[in-house]
Amino acid sequence: MDESWSEDILGVPFRALTLPLEPDDEGPRVATLVAYEPADAEAHTGARRPGPSRAVLHIHGFSDYFFHAELAEALSAQGWAFFALDLHKYGRSLLPGQTPGFATSLEEYDADLEAGLAALRARLAARTGTRIDPEVVLMAHSTGGLTATLWAARNPGRIAALVLNSPWLDTQGSALLRSAAQGILDTLSRRRPRARLRFPALGFYFRSISDTLDGEWPVDPAWRPEAGFPVRAGWLAAVLAGHAALARGVTVDVPVLVLCSAASAIGPTWNEAMLESDIILDVGPMVRRAAELGHDVTIRRLPGALHDVFLSRPEVRRAAVRAATAWMDVQVPAGSGTGPPDAGSTPSLPTPQGG
């Protein structure tokens, strides 16, 4: 077993692997793959045992990182190998001196996804002692959902299905306003990509999820600040470029499930409805754009859900897990992974194709 895996910050049974990436103008970059390995002393000692031939790879949103231990446990109990990726400059992958969450193109995360998928497959091969190529479902939240959607559209045939958790698929406001904002940002992002844009720092979403306030979850304020990471011109221009690409039309060639709240409650003052609504994105434009992503799109709007549906109050997040697992079981039945090479062939670990 690869000794570079170590115990994750979430503790046993989570393990983590640092994935080196090409450096940029701020220096070295890494992504971090987290694996959920329950009751798995064998995995730490190198012993091999049977395991799932299907896996979930979870991608977080902006100002975010993976801390969804309950989600990992629930999906594992349903027969899914669970992995999560902290993208470069986020969470476990945020290095000293880096601008948190910064990118000037969402395609920069292609390298993270390629490294994560390759390491996921290698880990499962080492754990099980087989050459089975697992069917992978990409599960992505908010801005991560935008990134994952565009990646899946550019890389057909690479995953089995796509689950989007309140994805940020469209820009709020009129088409004229969006076009004007894109033009201004394009100019500013070329000249000063790290220029900070001033938006109201309300902190309502942090209040709704943090166990120090009205939420249930232990959140690291360094990795998920109360007001979020500062919004930079280059990053926002990259997001708007992603929205523009979706508006022009893309096709995701695999089944897509969209989970989101039944309602939004976006406003400048706190109210209790914010504990039962999406207070980050308008779900109306979200679901309209989602319906255009491919030929097989399922949309589930969950009453009472937060922006991250898996952080909602217990009965809502249980409903979200039931909806996700029931749908995934239809799309990727247990035992659907590709079998080992034919006898006499030279075995090799599956290698993702470039793209």
ask   = Take atom CZ in R300; do more than 12 heavy atoms of anything else shown fall under 6.0 Å from it?
value = no
query = So which heavy atom on S166 is nearest to which on S261, and how close?
reply = OG-N, 4.5 Å
ask   = Would a distance-only check, ignoring hydrogens and angles, find a side-chain to backbone donor-acceptor pair under 3.5 Å from S210 to F206?
value = no
Flag side-chain contact, heavy atom, 4.5 Å: E107 against L150 = no
key: From L117 atom CG to L85 atom CG, the distance as rounded to the nearest 0.5 Å   = 8.5 Å
query = With under 30° as parallel and over 60° as perpendicular, where do the rings of H58 and H68 fit, or are they tilted in between?
reply = tilted
task = Supply the atom-to-atom distance M139 CE to L57 CG, rounded to the nearest 0.5 angstrom.
result = 10.5 Å
ask   = Looking at M274 and A265, what are the two nearest heavy atoms and their distance?
value = CE-O, 3.6 Å
key: side-chain hydrogen bond (donor to acceptor under 3.5 Å, both in side chains) evaluation trace for W270 with E272   = CA-CA 7 Å; W270 173 262; E272 293 302 307; 3.3 Å; yes
inquiry  = Just verifying a value: how many Å separate R92 CZ and L17 CG, rounded to the nearest 0.5 Å?
reply    = 12.5 Å
message = Taking D86's backbone N and O only, do any of them form a donor-acceptor pair with S93's side chain (distance below 3.5 Å, no angle check)?
response = yes
request  = Provide the closest heavy-atom pair for L138 versus W151 in the form atom of the first, atom of the second, distance.
outcome  = CD2-CE3, 4.1 Å
Candidate pair I279 and L202, rule side-chain contact (heavy atoms from CB on, under 4.5 Å), full reasoning = CA-CA 11 Å; I279 62 175; L202 301 176; over 6 Å; no
request  = Provide the closest heavy-atom pair for A16 versus T32 in the form atom of the first, atom of the second, distance.
outcome  = CB-CG2, 4.2 Å
query = Looking at E108, E26, Q98, which hits side chain to side chain donor-acceptor pair (under 3.5 Å) with K89?
reply = E26
inquiry  = So, applying ring-ring contact (aromatic ring centres under 6.0 Å, His included) with F66, which one of F82, Y90, F83 is it?
reply    = F82
task = Decide if atom CD of E216 counts as having more than 12 heavy atoms of other residues, nucleotides or ligands within a radius under 6.0 Å.
result = yes
key: Closest non-hydrogen atom pair, S264 against L281   = OG-O, 2.7 Å
task = Flag the pair W235 / F62 as yes when their ring centroid distance falls below 6.0 Å, and as no otherwise.
result = yes
request  = Measure the CD-CE distance between E135 and M328 for me, rounded to the nearest 0.5 Å.
outcome  = 13.0 Å
ask   = Taking 4.0 angstrom as the limit, do R54 and D329 come out as a salt bridge?
value = yes
note = One should read off an interatomic distance between L21 CG and E114 CD, to the nearest 0.5 angstrom, of 11.5 Å
request  = Nearest 0.5 Å please: distance from the CG atom of L124 over to the OG1 atom of T130.
outcome  = 8.0 Å
ask   = Do D220 and F67 have side chains that get closer than 4.5 Å, going by heavy atoms?
value = no
ask   = Distance-only, no hydrogens or angles: does the R29 side chain make a donor-acceptor pair with backbone N or O of E22 under 3.5 Å?
value = yes
ask   = After noting the C-alpha distance and the side-chain angles of R123 and R15, does the key distance pass the side-chain contact (heavy atoms from CB on, under 4.5 Å) rule?
value = CA-CA 11 Å; R123 183 64 167 179; R15 309 282 288 173; 4.0 Å; yes
request  = Please name the pair of heavy atoms, one in I159 and one in V136, separated by the smallest distance, quoted to 0.1 Å.
outcome  = CB-O, 3.5 Å
request  = Please work out whether the ring planes of H307 and Y205 are parallel, tilted or perpendicular, with thresholds of 30° and 60°.
outcome  = perpendicular
